[in-house]
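Below you'll find the structure, written out as structure tokens, and then a few comments.
Chain naming here is simple, since letters A, B, ... match the order of the sequence lines and numbering starts at 1 in each. We use all heavy atoms of the structure for the numbers below, so side chains are in, but hydrogens, waters and symmetry mates are not.
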Amino acid sequence: MYEQGSASGDFFRSVHDTVREIPAGRVTSYGAIAKYLGSARSSRMVGWALNGASEQVAAHRVVNRLGELTGRTAFPGPDMMQDRLQAEGVPVENHRVLNFEKYFWDPSIALGDEVELA
DNA sequence: AACGTGACACAGC
DNA sequence: AGCTGTGCCACGT
């Protein structure tokens, strides 16, 4: 139903595609993805999109701007997200990513979007 | 067709 | 310095 089949779900699908590009051992924020899609303030939509994301989408690599694993509530296991991140090499403490800035993965940069080239 | 919800972000208090 | 309120945009009912 609310899969990629939705014609209006272009935004929805774009989020999946972006998150899918996140390398293991890296994390990104909803705002970064939303901003990359063109709507920095629609970070909520990013989470909503991941809500229907398939397992091929690294939704567990997406955290909020503070590095908090806020999305763990939508996972089958409340600690599954944290455990999985640590398994990929991302240190997590109390459902928070340590050195978040260091592990932060920006789609705008990784995907080659010349934003600051000016 | 309209209202409510939602895994956020930012400004104000 | 932490909490509340509002804004954002799309999906769900």
Report task. Give every residue pair that meets the salt bridge (charged side-chain N to carboxylate O under 4.0 Å, His left out) criterion with at least one member in residues 44-63 of chain A, sequence neighbours excluded. Result -> A:R61-A:E88
Query - salt bridge (charged side-chain N to carboxylate O under 4.0 Å, His left out): pairs with one or both residues in residues 90-103 of chain A, sequence neighbours excluded - result: none
Query - Under 4.5 Å side-chain linkage, directly or through intermediates, the cluster mates of A:L98 - result: none
Distance-only check: which donor-acceptor pairs under 3.5 Å involve side-chain atoms of residues 73-87 of chain A, not counting sequence neighbours?
unit_1 : atom_1 : unit_2 : atom_2 : d
A:T73  : OG1    : A:T70  : O      : 3.4
A:D79  : OD1    : A:H95  : NE2    : 2.7
A:Q82  : OE1    : A:H95  : NE2    : 3.2

Query raised in the report: Taking protein heavy atoms under 4.0 Å as touching, what does nucleotides 7-13 of chain B look like 5' to 3' if B marks base contact, S marks sugar-phosphate-only contact and - marks none?
Result: BBSS---
**Report entry** Residues that A:Y103 engages under ring pair (Phe, Tyr, Trp, His ring centres under 6.0 Å), provided they are two or more places apart
**Finding:**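 Testing A:Y103 for ring pair (Phe, Tyr, Trp, His ring centres under 6.0 Å), a comparison that skips the adjacent residues, returns none.
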